[in-house]
Amino acid sequence: MFALIDGNNFYVSCERVFRPSLNGVPVVVLSNNDGCCVARSNEAKDLGIKMGQPWFEVKHLERIVGLVGLSANFVLYGDISDRMMSIAAGLGPTQEVYSIDESFIGMDGVRGDLVRRARTVRERILQWIGIPTCVGMAPTKTLAKLANHVAKTAERKPGSYPAELAQVCNFGALPAAELEAVFKATEVNEVWGVGRRIGRQLVDAGVTTVWDLANLDVAAVRGRWGVVLERTVRELRGQTCIGLDDAPEPKQQIACTRSFGRPVSALAPLEQAVSEFASRAAEKLRSQRGAAASVLVFVRTSPFRQGPQYSRSIVVPLRRPTADSRLLGTAAIDGMRAIWREGHDFAKAGVMLLDLEDEDRCQGELDLDVQEGSSRDTRRLMAAVDAVNGRFGKGMIHVGSTGQSGPPRAWGMRQERRTPQYTTQWSDVPVARA
DNA sequence: TCTGGGGTCCTAGGACCC
DNA sequence: TCTGGGGTCCTAGGACCC
């Protein structure tokens, strides 16, 4: 048995904790550069605003209906997420934190009334943190996701599903006839693992509801769509194919990519950008005690603009695996010099660290390298950088690879919102509900 | 004018080997 | 003249997720 608990309209709910005046108002939280809507309040959803919709397309609603667009504050959301997850863990013996706003809970061995238990946990999260949540429970993860969808939709759109399924929905306690009715009332593209493309193909084949999908022949599904969708179908029938991942492996690749606030064509600001991207990626790398053996750099024009498009990437191999910001930054700059071309308006660039290894496995080699300084000194320097940035905010200092480091504004990107005071004052004392 | 960022998994096809 | 077939590894690209 699995539970899926997630925060409703999570980023918007986080903002409302500190600005209660936003309750009842249509609110969206915007991505980097205030580009797209990445979270919407119920009121904003009711206005027809889509996930990922460009802000310029809906900005006029500010004047007309009082829509509020907020720049994202990911440091804040991360802190609130941590607290929410630790309370959610009380639901059952094992937990997989699946994303910033949702976690699966393994419910095996939990006795008693599961719905009551889930209601208690979500009440606690609402009272202590101020975040409204929904819980779905079922014998497989795919079904738990679906139950969670039902719990949210029953609350947001009364009449769509039986009212008693709102907020907490346990498929395991539902009679077969009711479960069938729910499956038949739910569109196939709501299923976890059915995206835009496969959803369209399914509908074209006459498979429009969850009920239709669950009753397809598994061999036929495998033949036409592959093993991934086959697993989904089996999970919809209650057969566990996807287990709980409560001890995730270290990441296999680490990326830092950004769109620019305005087009950039010159080489120098692009070098500076990828140098900082490499530095940020290296921080993440060190936090999982890893080392990268190669660096991928890419740059591209905007696919939304007319005119000649240019998009290139290059993989720069390193002499040996490292987590040193300076070496990774130098490699990123080398890569950018190799792929940059004169005369283009670039819209985005990025750095990805690839072929990651465990730090300890390359330690011996590093120690032999006198040219690049001892690995102990390097590690102390990097630890100091990480400590300062942890204390005063991400990107506060950054080890240069070009000797001409400057503020990120030089390449036209709006600064991310930071709340260092908030993170340092944030203790284990529960916050009163706003 | 203005269009996010960071991941995972699977598959097909080419290179290479025996 | 006539030139196999199977296995493995790697990579690029597609699809999905939030």
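Nucleotides of DNA chain C with any atom under 4.0 Å from a heavy atom of chain A span, from 5' to 3', C:dA15 to C:dC18.
By the 30° and 60° cut-offs, the orientation of the rings of A:Phe74 relative to A:Tyr77 is perpendicular.
When only modelled atom types and interatomic distance are considered, A:Ser325 and A:Arg286 share a side-chain donor-acceptor pair under 3.5 Å. Counted by atom type alone, A:Asp101 and A:Ser99 present one or more donor-acceptor pairs between their side chains at under 3.5 Å. With hydrogens and angles left out, the side-chain atoms of A:Asp212 and A:Thr208 include a donor and acceptor closer than 3.5 Å.
As judged by a 4.0 angstrom heavy-atom cut-off over every strand, A:Trp55 is placed among residues making no nucleic acid contact. Note on A:Lys59: nothing from the nucleic acid sits closer than 4.0 angstrom, heavy atoms only. If you check every strand for non-hydrogen atoms under 4.0 Å, A:Val191 touches sugar and phosphate atoms only. Residue A:Gln253 is classed as a base contact, given a heavy-atom separation below 4.0 Å to a base. Residue contacts shown for A:Gln53 are absent, as no nucleic acid heavy atom lies under 4.0 Å away. Across all strands, A:Ile198 comes closer than 4.0 Å only to sugar-phosphate atoms, never to a base (heavy-atom distances). As judged by a 4.0 angstrom heavy-atom cut-off over every strand, A:Lys50 is placed among residues making no nucleic acid contact.
No side-chain heavy atom of A:Met352 sits under 4.5 Å from any side-chain heavy atom of A:Ile254. A 4.5 Å side-chain heavy-atom check between A:Glu180 and A:Trp211 finds at least one atom pair inside the cut-off.
Within the model, atoms CD of A:Gln239 and CG of A:Leu143 stand 11.5 Å from one another, a figure rounded to the nearest 0.5 Å.
For A:Val38 and A:Ile254, each mapped to the nucleotide of DNA chain B holding its nearest heavy atom, the one lying further toward the 5' end belongs to A:Val38. The residue among A:Ala255 and A:Val227 whose nearest nucleotide of DNA chain B lies closer to the 5′ end is A:Ala255.
Aromatic rings from A:Trp340 and A:Phe298 are positioned such that their centres are separated by 6.0 Å or more.
Remark: A:Lys348 is not positioned above the aromatic ring of A:Phe260, lacking an NZ or CZ atom under 6.0 angstrom from the ring centre and at most 45 degrees off the axis.
Nucleotides B:dT3 and C:dC17 are separated by 25 Å at their P atoms, to the nearest Å.
In DNA chain B, runs of at least 3 consecutive Watson-Crick or G-U pairs, each pair with both distances below 3.5 Å, span B:5-18 with C:5-18.
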